Amino acid sequence: MAPISIKRILISESVDPCCKKILQENGIQVTEKQNMSKDDLIAEIKDYDGLVVRSATKVTADVINAAGNLKIIGRAGTGVDNVDVDAATIKGIIVMNTPSGNTISAAELTCTLLMSLSRHVPQAAMSMKAGNWDRKKFMGAEMYGKILGIVGLGRIGKEVASRMQSFGMKTIGYDPITPPEVTATWGVEQMSLEQLWPKCDYITVHTPLMPSTAGLLNDTSFAKCKKGVKVVNCARGGIIDEDALLRALESRQCGGAGLDVFVEEPPKNRALVNHPNVISCPHLGASTKEAQARCGQDIALQIVDMVMGKSLVGAVNAQVLASTFTPESHQWIKLGEAIGAALKSCTTSKQPFSQVQIITQGDCLKDSSAYMTSAVMVGLLSDGSYFINDLSCISVNGCSYRATGSVQGGVPVLLELNHSVFRQPVSLTGNLLFFKAVASPPLLPSVTGFLATAGVEMESFSAPAARSGDQWYCVGLSSLLGDLGALKPLVKAAAQVSV
């Protein structure tokens, strides 16, 4: 990896002092300025190569466009909701976070809210401070034997499961990425959301906030839950529809909520905060000395490693990775993106990927796992599909899709698709049509005639080495087809992609 020159960094929030110390010890000048307005940040940022934030600083497109020298935005914590990643990517700015720094703290707060909901601890404490002694009013329930539904089984979801299992809870969950056989080793039984909602006594969410997870708990899903279900959100505001939650609380369909995050922070609409069955916190998930020390240290070390050319860890906008690597690495990154796009085109299902596995071979790729994983993600997620963990073959709805590629003459090529080995490598450039069919003499003339009728020229044709059974073929096109439906009588499956 090629080193990146970072001489001056601005820290715009209260980050653990170890962050500044580590950066300075490695020759980077650090300026700390907190509580800046948007205009102040726009005026200030132009003098820096790097910016370190937590969650309060809003790194908008206006801020990014004002930053003439910015090369890195470091988020000391998990998630990058407060950073316009697209705007940063357009300007070639790397955005990185520290996804594991606050895992334990967020998990412990989640467990605290679950227990507080069960025993009404905050309400009882406030009642005592008011001079009351009202034991009957705060009758609670045991956690033992209850069912906890965990939506999102990443690092935090796993830690929550292990802790609540010690209370004798049964843990079930849903995750579009982590395989069920993996979560089973943690004692979590996976199922669909439709199966999960009616089983749970408690539900906690631990997913990123994205279009597919916004409003995941809404009027419809609350209606499917047990009456009196209790919910916790220590992840991101908006995963639980706040208006739907209020309606569920008022109808008692929801028996209580523990909220550490809100759509608007601080929330101006106080209806949820003031509800007697809501326990709310001012976004304290990562607010422990230990979590802040880990996040501060992690982001500083990640930046230093990047500056020294050692590694690039925690980058969330894989598109800009190519600019940080040597020309040799660049061509492999292009291959990863192209294979990801090709695989995505062949999966007709709209369901999220349940597993992705990337295997590299050869000395030139022995240290490539981080950037090749990110590169394949770019191709796979080009249409906003579910995010993929660090896990080339992909699995959707139990069906596997596999591709093997290489680089020849600086050009990414496809050698194999779903066990069909091509006689000649397929150049992964331009407009490509993949189709699966049984080899027969009329096949090529039929496809050629179809393309001619559609007004599309065939620029190349790649056939499989095998001559029996269902095999995949690839055709280079002058332009993508408007409709693949008319091709269905000729082939068993078809997909197209532009790379």
Side-chain angles (χ1 to χ4, degrees), residues 13-14 53-58 75-82 97-123 125-126 143 148-161 163-164 173 200 202-210 213-217 222 229-246 248-249 254-292 294-295:
E13 295 183 55
S14 177
V53 303
R54 286 180 59 191
S55 59
T57 302
K58 306 304 178 187
R75 161 79 162 94
T78 186
V80 286
D81 302 40
N82 55 316
N97 66 353
T98 59
S100 62
N102 64 0
T103 297
I104 299 299
S105 293
E108 288 183 353
L109 181 62
T110 299
C111 296
T112 299
L113 290 176
L114 286 168
M115 289 183 282
S116 296
L117 285 172
S118 179
R119 300 303 296 272
H120 312 295
V121 174
Q123 295 94 326
M126 292 302 294
M143 314 287 294
L148 171 63
I150 305 172
V151 181
L153 295 166
R155 296 180 181 91
I156 298 173
K158 178 183 178 181
E159 296 297 335
V160 169
R163 283 156 178 75
M164 299 317 297
C200 300
Y202 299 80
I203 297 171
T204 178
V205 295
H206 300 284
T207 72
L209 179 63
M210 57 179 71
T213 62
L216 201 59
L217 264 168
F222 271 120
V229 65
K230 295 178 174 63
V231 299
V232 169
N233 185 3
C234 288
R236 286 290 181 267
I239 297 172
I240 298 177
D241 184 317
E242 293 181 352
D243 292 334
L245 173 58
L246 184 59
L249 287 163
C254 177
L259 304 176
D260 185 47
V261 290
F262 298 85
V263 172
E264 182 182 39
E265 295 184 351
K268 292 178 182 176
N269 184 343
R270 307 287 293 180
L272 277 176
V273 175
N274 294 334
H275 195 282
N277 291 336
V278 172
I279 301 169
S280 56
C281 300
H283 205 146
L284 299 179
S287 294
T288 64
K289 293 179 180 178
E290 294 84 356
Q292 289 311 302
R294 278 193 295 266
C295 290

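Computed from a prediction, not measured in an experiment: that's the story for all the values here. Just so you know, residue 1 is the first one in the sequence shown, and it goes up from there.
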Calculate, to the nearest 0.5 Å, the distance between atoms CG and SG belonging to Leu148 and Cys200 respectively. 7.0 Å

Identify the two heavy atoms, one from Leu209 and one from Gly237, that lie closest to each other, and give their separation to 0.1 Å. CD2-O, 3.3 Å

Minimal non-hydrogen separation, Leu284 against Leu109, with atom names: C-CD2, 3.8 Å

From Leu217, Ile240, Ile203, Leu245, residue fulfilling side-chain contact (heavy atoms from CB on, under 4.5 Å) relative to Asn233: Ile240

Is there a side chain to side chain contact (heavy atoms under 4.5 Å, CB included) between Glu290 and Ile104? Walk through the geometry before answering. CA-CA 9 Å; Glu290 294 84 356; Ile104 299 299; over 6 Å; no

Can you list everything that forms a salt bridge (charged side-chain N to carboxylate O under 4.0 Å, His left out) with Arg236? Sequence neighbours excluded, please. Asp81

As an exercise, state the distance from OG of Ser55 to CD of Glu13, rounded to the nearest 0.5 Å. 6.0 Å

Look at atom CZ of Arg163 and say whether more than 12 heavy atoms of other residues, nucleotides or ligands are closer to it than 6.0 Å. yes

Could you check Met115 against Val121 for side chain to side chain contact (heavy atoms under 4.5 Å, CB included), going step by step and ending with a plain yes or no? CA-CA 8 Å; Met115 289 183 282; Val121 174; over 6 Å; no

Flag side-chain contact, heavy atom, 4.5 Å: Phe262 against Asn269: no

If you measure from CD on Glu265 to CG on Asn82, what distance do you get to the nearest 0.5 Å? 10.5 Å

Is the shortest side-chain heavy-atom distance between Ser287 and Arg54 below 4.5 Å? yes

Whether the side chain of Thr213 engages the backbone of Pro208 through a donor-acceptor N/O pair (distance < 3.5 Å, no angle test) should be reported. yes

Where the side chain of Thr103 meets the backbone of Ser100, is there a donor-acceptor pair that is under 3.5 Å apart? yes

Measuring only between side-chain heavy atoms, which start at C-beta, is Leu272 closer than 4.5 Å to Pro267? no

Examine distances only and state if a side-chain atom of Glu242 and a backbone atom of Val263 form a donor-acceptor pair shorter than 3.5 Å. yes

Smallest separation among heavy atoms of Gly256 and Leu117, with atom names: C-CD2, 3.9 Å

Please name the pair of heavy atoms, one in Met143 and one in Ser118, separated by the smallest distance, quoted to 0.1 Å. SD-CB, 3.2 Å

dist Thr110:OG1 -> Ile156:CD1 (nearest 0.5 Å) comes out at 7.0 Å

Determine yes or no for a side-chain-to-main-chain donor-acceptor pair under 3.5 angstrom, with Thr112 supplying the side chain and Glu108 the backbone. yes

So Thr98 and Arg294, do their side chains get closer than 4.5 Å, heavy atoms only? no

So does Glu159 pair up with Arg155, basic N to acidic O under 4.0 Å? no

Ile279 pairs by side-chain contact (heavy atoms from CB on, under 4.5 Å) with which of Asp260, Leu113, Val232? Leu113

Over all atoms of both residues, closest heavy-atom pair of Val231 and Cys254: CG2-SG, 4.1 Å

When you compare the side chain of Arg75 with that of Thr57, does any pair of heavy atoms fall below 4.5 Å? no

How far does OG of Ser105 sit from CD of Gln292, to the nearest 0.5 angstrom? 8.0 Å

Gly77 and Cys295 have their tightest heavy-atom pair at CA-SG, 3.8 Å

Can you establish whether the number of heavy atoms outside Lys230 located under 6.0 Å from its atom NZ is more than 12? yes

